[in-house]
Amino acid sequence: MRFDVVSIFPEYLAPLDLSLIGKARAEGILELVVHDLRSYTADRHRTVDDTPYGGGAGMVMKPEPWAQALEDISAVSAVSDGARPTLIVPSPAGEVFNQKLAYELAGEEHLVFACGRYEGIDERVLDWAASEYTVRPVSLGDYVLNGGEVAVLAMVEAIGRLIPGVVGNPESLIEESHSDGLLEYPVYTKPSSWRDHEVPEVLLSGNHGKIAKFRKELQLRRTSQRRPDLIDALDVSNFSKTDRNVLWDLGYAVVEGRAVRRDNE
Ligand code: JEE
């Protein structure tokens with residue numbers, strides 16, 4: 001798999017040399033090249049921004065340096081016949097990045113990330129690039145960053161760890177792929193008693209049936225407290241009597257395979 005990242009702050013992407021991603025690069029599983037957008041400018045001042053047509057705050061990234069960079073990168077793209085590289089454009093106005101999109105993108109051969117700054121990139125770049133790339137504006141989440149670099153660090157890590165051989169422990173990937181739409185249960189390690197805080201006794205019991213029930217209950221409790229939107233999306237048709245009782249306890253009834261708040265009935 002190949003990643004290219006274009007930015008006016010290439011040093012911002014230095015963390016990609018470290019840890020899992022850095023190791024995968026060193027082992028040749030993953031190729032990642034960071035490009036300085038300013039090296040694709042043609043003027044003495046290496047200008048990448050200009051004032052917005054129609055007025056408004058701030059500056060906008062000029063299209064031509066982007067076209068030069070993206071042409072250069074797609075020309076060397078080694079994607080197999082017919083396939084196009086995917087151009088990911090971090091943007092507060094993109095579709096929100098999630099684990100499903102991470103899996104989808106991990107299946108691509110060539111991802112190119114265009115890190116904007118200022119108020120973003122001239123929109124015509126995205127339209128123009130669609131002749132060579134599958135163009136996807138993507139947001140990291142509903143908050144405002146100063147540019148695309150931090151979003152790219154997060155996305156490259158989330159996508160990169162799904163590539164076979166990149167993550168240290170494939171067992172944890174398998175567990176993730178079976179994840180049940182709930183937040184995870186809390187984890188503990190030694191010592192069992194630490195500064196007057198105890199590990200829940202059932203986890204020391206060796207009773208694996210009881211442990212599984214305990215963990216599922218904690219998952220349901222913290223999900224309803226922290227992420228009620230995930231409870232609403234749950235298919236509870238195959239929930240055990242025990243799980244349904246926990247849901248009831250949390251204020252939900254089961255109606256046609258869905259958990260619904262009892263005060264909503
Ligand atoms: C790419 C430039 C900065 C700031 C104006 C903000 C007005 C652009 N989840 C995410 N949040 N932010 C980004 C992101 C931010 C970027 C760029 C990604 C390039 N910026 C910038 C302010 C504004 N708007 C929203 O309300 C309307 C635009 C991001 C991702 N991925």
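Residues: numbered from 1 along the sequence shown. Remember, it's 1-based here, ligands and their atoms both numbered in the order they're listed. What you see below is based on every heavy atom in this structure, not just the backbone, and it leaves out hydrogens, waters and symmetry mates.
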- Can you check whether A233's main-chain N or O pairs, donor with acceptor, with R258's side chain at less than 3.5 Å? yes
- Could you give me the CA-CA distance, side-chain angles and deciding distance for R261 and D232, then say whether side-chain contact (heavy atoms from CB on, under 4.5 Å) is met? CA-CA 9 Å; R261 287 230 60 103; D232 299 338; 5.6 Å; no
- Task: Give the contacting part of F97 toward ligand 1: side chain, backbone, both or neither, where contact means a heavy-atom distance below 4.0 Å.
- Result: neither
- Query: Please state which protein non-hydrogen atom is closest to atom 5 (C) of ligand 1 and give its distance, to 0.1 Å?
  - Reply: E119 OE1, 3.5 Å
- Note on the structure: A student checking ligand 1 against P90 at a 4.0 Å heavy-atom cut-off should list atoms 1 (C), 18 (C), 31 (N)
- Task: Examine Y40 and I121 and state if one hydrophobic cluster contains both, with Ile, Leu, Val, Met, Phe, Trp and Tyr joined whenever side-chain heavy atoms are less than 4.5 Å apart.
- Result: no
- Nearest protein heavy atom under 4.0 Å from atom 24 (N) of ligand 1, yes or no: no
- Task: Answer yes when R117 and E149 have at least one side-chain N-carboxylate O distance shorter than 4.0 Å, and no when they do not.
- Result: yes
- Task: State the atoms of ligand 1, each with its element, that fall below the 4.0 Å cut-off from a heavy-atom position in V138.
- Result: 31 (N)
- Considering only heavy atoms of G141, which atoms of ligand 1 have at least one such atom less than 4.0 Å away? 9 (N), 10 (C)
- Query: Closest non-hydrogen protein atom to atom 22 (C) of ligand 1, residue and atom name please, with distance?
  - Reply: V144 CG1, 3.6 Å
- Pick, from N146, V89, L145, the option with the minimum heavy-atom distance to atom 4 (C) of ligand 1. L145
- At a 4.0 Å threshold, what atoms of ligand 1 neighbour a non-hydrogen atom of A151? 30 (C), 31 (N)
- Using distance alone, with no hydrogens and no angle criterion, decide if S39 and D36 have a side-chain donor and acceptor under 3.5 Å apart. no
- Item | atom 2 (C) of ligand 1 protein-contacted, heavy-atom criterion under 4.0 angstrom | yes
- Message: I'd like to know if E108 pairs up with R136 as an ion pair, taking the criterion as any Lys NZ or Arg NE/NH1/NH2 lying under 4.0 Å from an Asp or Glu carboxylate oxygen.
- Response: no
- Note on the structure: Under 4.0 Å from one or more heavy atoms of L140, ligand 1 contributes atoms 9 (N), 30 (C), 31 (N)
- Task: Measure from atom 16 (C) of ligand 1 to every heavy atom in A114, G147, A154 and give the option owning the shortest one.
- Result: G147
- Item | Option of least heavy-atom distance to atom 14 (C) of ligand 1 (set: S139, P92, G94) | P92
- Query: How long is the span from the CG atom in L183 to the OG1 atom in T223, to the nearest 0.5 Å?
  - Reply: 3.5 Å
- Backbone or side chain, does any N or O of Y143 fall under 3.5 Å from an N or O of ligand 1? yes
- Side chain, backbone, both or neither: S91 near ligand 1, heavy atoms under 4.0 Å: backbone
- Describe, in one word, how the ring planes of F113 and F3 are oriented to each other, choosing from parallel (under 30°), tilted (30 to 60°) and perpendicular (over 60°). perpendicular
- Shortest non-hydrogen contact from T47 to D49? CG2-O, 3.3 Å
- Task: Keeping the roles fixed (side chain from S192, backbone from V199), state whether a donor-acceptor pair exists under 3.5 Å.
- Result: no
- The atoms of ligand 1 lying under 4.0 Å from a heavy atom of Y118, numbered in the order shown, are 2 (C), 3 (C), 8 (C), 20 (N), 21 (C)
